[in-house]
Every structure is written in structure tokens, then in C-alpha cells.
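Here the structure is laid out as C-alpha cells; the discussion comes afterwards.
Whatever order the structure lists ligands and atoms in, that order sets their numbers, starting from 1.
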Amino acid sequence: MKILVINGPNLDLLGKRQPEVYGRLTLKEINEKMVALAKELQCEIEFFQSNHEGEIVDTIGKAKGKFDCLIINPAAYTHTSVAVRDAIVATGIPTIEVHLSNIYAREEFRRKSLIAPVAVGQICGFGPDGYLMALRAAVGMKG
Ligand code: DQA
């Protein structure tokens with residue numbers, strides 16, 4: 001099983017960015033934890049991060065036929081991007097949405113996800129562990 005993990009804008013700043021909201025781990029450290037778990041679960045994993053909506057759309061489009069599952073934290077694009085949502089639908093790959101923070105316990109504008117209706121499910125509010133939960137969920141979906 002091959003899984004692609006996509007992180008959206010400003011998640012390259014994890015560790016430094018509002019640690020009281022997003023925690024102190026860097027994206028590299030989170031990805032390392034995912035690599036270790038992927039090894040244990042015997043699946044292949046790749047990572048992509050971009051601050052650019054079009055690059056994320058392109059990456060989702062190119063994933064067709066190459067990956068069995070997408071794990072995505074679209075970050076701010078969660079709340080705005082019809083393009084990312086449409087790309088997920090077009091690619092047809094089962095997608096799990098992840099957020100470090102509980103988006104429903106924050107500002108009003110974060111409470112709506114354009115991605116959630118086209119995702120298999122959403123995990124939010126568990127910090128970096130959410131990515132590991134998503135990986136287990138992805139592998140669990142296989143059979
Ligand atoms: C986030 C939540 C979004 O509202 C925010 O724009 C982010 C991070 C999260 O992981 O909690 O950049 O997706």
C-alpha cells in the first residue's frame with residue numbers, strides 16, 4: 001500500500017508557528033514518526049508540502065494510479081479551496097483529512113471544511129498524533 005501525505009501552507013513552519021496551538025514538533029519530526037509507523041505497518045509513504053494551492057492541486061492530480069490513499073492537512077485551504085476539493089474528487093483516491101488543532105473549537109471561519117464532505121473521514125484536535133491515527137486508518141481501510 002502506498003500513501004501520500006500532503007501538507008498545505010505554513011505547515012513548513014511547525015515547531016516555530018504558534019506552538020501553543022500546533023505544538024512544538026517540526027514537520028520533519030512528524031514525518032519521521034510517520035516513517036517509523038509506516039515501517040511497522042509495512043506500507044510505503046511519501047511526503048509533499050507546499051504553500052501554493054496550484055502545486056497542491058497538481059500533486060493530487062498526479063497521485064492518480066500511484067497512491068492508494070492520501071492523507072492531507074490542507075491548512076488554511078481547508079476553509080477556502082474549491083480547487084483542492086475538486087482535485088480530490090477528480091483523482092478518486094480515498095482521502096483522510098487531518099488537522100493538528102480542533103478546528104471546531106476555534107474561530108468561526110475555521111469551523112467549515114470544504115474538504116470534509118469529500119474525505120473518507122477527518123481527524124482533528126490531537127496534534128501530531130492525528131497524522132499517526134490517519135496512517136493507521138489508511139492501512140485499516142485496505143481490507
Ligand atoms: C490547521 C487548521 C487551519 O485552520 C489552519 O489554517 C492551519 C492548520 C491545523 O492543522 O490545525 O494552517 O489545518
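- In terms of heavy-atom proximity, Cys43 sits nearest to Ile3 at SG-CD1, 3.9 Å.
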Please tabulate, line by line, the atom pairs linking an N/O of ligand 1 to a protein N/O at a distance below 3.5 Å, with the distance in Å to 0.1, or answer 'none'.
residue, atom, partner, partner atom, Å
ligand 1, 4 (O), His79, NE2, 2.7
ligand 1, 4 (O), Arg110, NH1, 2.9
ligand 1, 6 (O), Ala76, N, 3.2
ligand 1, 6 (O), Arg110, NH1, 3.1
ligand 1, 10 (O), Asn73, ND2, 2.8
ligand 1, 10 (O), Leu100, N, 2.8
ligand 1, 11 (O), Leu100, N, 3.3
ligand 1, 11 (O), Ser101, N, 2.9
ligand 1, 11 (O), Ser101, OG, 2.6
ligand 1, 12 (O), Arg17, NH1, 3.1
ligand 1, 12 (O), Arg17, NH2, 3.0
ligand 1, 13 (O), Asn73, OD1, 2.8
ligand 1, 13 (O), His99, ND1, 2.8

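- Under 4.0 Å is where a charged nitrogen must lie from a carboxylate oxygen, and between Lys28 and Glu32 at least one such pair does.
- Inter-residue side-chain proximity for Ile72 and Val84 is flagged as met; some heavy-atom pair is nearer than 4.5 Å.
- Counting heavy atoms from C-beta outward, Ile6 and Asn73 have side chains that stay 4.5 Å or more apart.
- Counting heavy atoms from C-beta on, the side chains of Cys69 and Lys2 never come closer than 4.5 Å.
- For the pair Tyr131 and Lys33, the minimum side-chain heavy-atom distance is 4.5 Å or more.
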